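The structure appears below as structure tokens.
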Amino acid sequence: MWIAPLRGKYLVSAITACCCQGFLLLGYDQGVMSGIIGADNQCDEDFGRPDPTTQGTIVSVLDIGCAVGSLITFLWGESIGRKRMIMAGATTMLVGTAILTSSTTLAQLYVGRIVTGIGNGFNSSSIPVYQSETCGGMVRGALVCLNSTVTIIGLVIAYWLDYGMLFVNGPAQWRLPVGFQALFALCLLLQVLVLPDSPRWYMAHGREDEGAHILAQLEDRDSPNDPDVVAKRKEIEVSLAQECAGGPFRYRELLQGGPLGNFRRICLCIGVNVMQQFTGANMINYLAPVVYQNTMGLSRNLSLLLGGFTAVTYMVTSFIPLWTIDRFGRRGLLMTSATGLSLCSIVASILLPVGTKSAAYGATAMEFIFQLFFGIGFLPIPWLYPAEITTTRIRARGSAISSFFNWMCVFAVVEMTPPAIANISCRVFIIFAIFNALWVPLVYLYFPETEGLELEDVDHIFEKGGVTGGVWSSHGEQTVERRRIARDVEVVQENEKGPMEVRIEDGGKDQ
């Protein structure tokens, strides 16, 4: 297959653009149904005016598909490779979009949502790994955060296209927004076709020369024999040798403790994604118009407008981590984000029972501030952290299982939101305020800082041991020094030279 002859920053930029395209598609698919479902429109008429529970299922069944796609990636993604999983995701989404756009029954609509979800699950599990393994440690955070930012751009496009089509009569009112995502899926497929796979994936699967060639391209070097490429290749090989010392991969490795701490890594992958969903953000992202209309008593038109402006606010704030993630680290942003989200939810839960227009507007303002705090921490980091905290040997599986739990939690939250709003109204904000408050000590105690570390350095991040893996004793600092892998390479090289030196001494002359 022909690969684009790009090198250095141009190749990294092309890979980043491809990854961003995948997350643009993800964001659009997440947001497109929120402005269509629950309105007195053509879609409502075509599908028999679904009740609130059915509305929630139409929106959230996508997440079941995403979870299935993540589970498939967990089982077979490592053997298939990062690039081919993304290709499979784009192709699956094209099929799902065709089913959705031609839907005439609820059953077909459900099937289309599930199929597009499976494609999204392939992409959301594979793209962060692909991005992380093809860029340096000093820019990795910003580039993966850019993927998250583009997700929100997709949400904004979906919201405003939904709103614009509100004034169009006939089936195109909902079929055009639903079918529009095929354009993004096609672009993703065409982009990834001409890009190389991850060099770490090549080297982990016995294709060292191909991996070295891709490393040379990424490092903008003329030859795989360039000293910088040789040094980087050696670091990856040493890291893989340490990870693979026990032989071929077995799933029980994911439950192992010890200095490598695979089980701890998997728990952190899952934990950060569960925490993200129980911030309550997706209650707003998926169902913003429903929340504004039913909880805050605003008109449908105003609710749709506010949903669109909420998404714009969300998009603007999502740019902030591009400058902060590699300056202030992951831990500080997560704790700041959780604190702000909890306070916003508390204020909203106090204002809404007042029942006045001004109180409703005040609560609405809290939701805009909520998006600010979510955008700076819990939006991007759960996509980045699993790909950073895991070793190369389990990275694809760690990212996939975290994505699986993410989507299952999204399903639970979005499925529960319409009936929860109908039954307990504004008190739903109290639940999320409590969850957000709990996330602060959990992050402080158990989540090590990964900012600036190379992926091979992270192999040693839990070597201090203890209940918190050294996080508590490090007082918020990193538990492993940067370029730790260089020491391992030096040790290996010394061991390799040792026998030769002995032979020289015994023989009394050079060999």
Side-chain angles (χ1 to χ4, degrees), residues 1-22 77-87 126-144 146-147 190-244 326 387-388 390-393 395-396 452-459 482-493 496-497:
M1 184 180 295
W2 182 79
I3 300 297
L6 300 173
R7 293 168 47 177
K9 63 181 180 181
Y10 298 105
L11 178 56
V12 174
S13 297
I15 291 172
T16 302
C18 172
C19 293
C20 286
Q21 184 69 53
E78 179 61 33
S79 58
I80 292 173
R82 304 0 172 186
K83 171 179 174 173
R84 284 181 287 182
M85 283 306 304
I86 298 170
M87 290 170 60
S126 305
I127 287 175
V129 175
Y130 184 48
Q131 180 78 83
S132 296
E133 291 186 342
T134 52
C135 62
M138 299 307 293
V139 297
R140 186 175 59 245
L143 293 183
V144 179
L146 182 60
N147 297 167
L190 295 176
Q191 285 174 278
V192 75
L193 272 172
V194 299
L195 293 173
D197 211 323
S198 158
R200 288 174 172 85
W201 182 81
Y202 280 123
M203 296 177 73
H205 289 266
R207 299 165 65 176
E208 290 84 359
D209 291 341
E210 291 174 85
H213 181 73
I214 302 303
L215 278 176
Q217 286 185 270
L218 289 168
E219 298 288 336
D220 197 10
R221 298 295 187 267
D222 293 326
S223 167
N225 297 319
D226 183 273
D228 291 339
V229 177
V230 171
K232 188 65 180 176
R233 175 178 176 172
K234 188 67 176 178
E235 290 177 3
I236 297 173
E237 288 175 342
V238 168
S239 176
L240 286 170
Q242 292 170 342
E243 295 168 21
C244 301
D326 289 319
E388 287 190 315
T390 46
T391 62
T392 299
R393 185 172 170 88
R395 185 168 295 122
L453 296 176
E454 294 297 329
L455 294 178
E456 286 67 40
D457 296 332
V458 178
D459 288 5
R482 294 178 182 177
R483 302 296 303 149
R484 172 66 174 78
I485 186 62
R487 286 170 47 192
D488 293 344
V489 172
E490 290 174 4
V491 170
V492 170
Q493 290 174 336
E496 289 175 347
K497 285 191 282 188

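Fair warning: this is a prediction, and the values are worked out from it, not measured in the lab.
- Listed by chain and number, the residues in a side-chain contact (heavy atoms from CB on, under 4.5 Å) with V230 amount to none (sequence neighbours excluded).
- One distance of note links CD of Q242 with CG of D459; it measures 6.5 Å at 0.5 Å rounding.
- The two residues P196 and L11 have their closest heavy-atom pair at CD-CD1, 4.0 Å.
- In this structure, CZ on R82 lies 12.0 Å from SG on C19, to the nearest 0.5 angstrom.
- For the pair T134 and S198, the tightest heavy-atom approach, listed with the atom from each and the gap, is CG2-CA, 4.2 Å.
- A396 and V129 make their closest contact through CA-CG2, 4.4 Å (heavy atoms, listed as atom of the first residue, atom of the second, distance).
- Under the side chain to side chain donor-acceptor pair (under 3.5 Å) criterion, the residue pairs touching residues 11-21 are T16-Q131, with sequence neighbours excluded.
- For E235, the side chain to side chain donor-acceptor pair (under 3.5 Å) partners two or more places apart in sequence, or in a different chain, are R483.
- L195 CG to C18 SG: the interatomic distance, rounded to the nearest 0.5 Å, is 5.5 Å.
- By the salt bridge (Lys or Arg N to Asp or Glu O under 4.0 Å) test, E208 is found to be paired with no residue, residues two or more places apart in sequence or in another chain being considered.
- Of the possible polar contacts, one joining the K83 side chain to the L193 backbone as a donor-acceptor pair under 3.5 Å is found.
- Every residue meeting the side-chain contact (heavy atoms from CB on, under 4.5 Å) condition with D220, not counting sequence neighbours, appears here in chain and number order: R7.
- R487 meets the side-chain contact (heavy atoms from CB on, under 4.5 Å) test with E481, R484; sequence neighbours excluded.
- Residues V238 and V489 come closest through the heavy atom pair CG2-CG2, 4.1 Å.
- In this view, L240 and M203, A204, I236, E243, T392 satisfy the side-chain contact (heavy atoms from CB on, under 4.5 Å) rule, not counting sequence neighbours.
- Of all the heavy atoms in L143 and C135, the pair that sits closest is CD1-CB, 3.7 Å.
- Between atom NZ of residue K234 and atom OG of residue S239 there is a gap of 12.5 Å, rounded to the nearest 0.5 Å.
- If you take OG on S223 and CG on D228, they are separated by 11.5 Å, rounding to the nearest 0.5 Å.
- Every salt bridge (Lys or Arg N to Asp or Glu O under 4.0 Å) that E454 has, sequence neighbours left out, goes to K232.
- Residues meeting the salt bridge (Lys or Arg N to Asp or Glu O under 4.0 Å) test with R482, sequence neighbours left out: E451.
- Counting heavy atoms from C-beta outward, V12 and V139 have side chains that stay 4.5 Å or more apart.
- Counting heavy atoms from C-beta on, the side chains of I127 and V144 never come closer than 4.5 Å.
- Using modelled atom types, no side-chain atom of R140 and backbone atom of S132 make a donor-acceptor pair closer than 3.5 Å.
- With sequence neighbours excluded, the residues forming a salt bridge (Lys or Arg N to Asp or Glu O under 4.0 Å) with R233 are D209, E237, listed by chain and number.
- When every heavy atom of S79 is checked against every heavy atom of R84, the shortest pair comes out as O-NH2, 4.1 Å.
- The structure places OH of Y202 at 12.5 Å from CD of E133, a figure rounded to the nearest 0.5 Å.
- Counting only residues at least two apart or on different chains, the ring pair (Phe, Tyr, Trp, His ring centres under 6.0 Å) pairs with a member in residues 205-226 are W201-H205.
- Screening residues 192-203 for salt bridge (Lys or Arg N to Asp or Glu O under 4.0 Å), with sequence neighbours left out, gives R200-E456.
- Taking 4.5 Å as the limit, some side-chain heavy atom of C20 sits within range of a side-chain heavy atom of L146.
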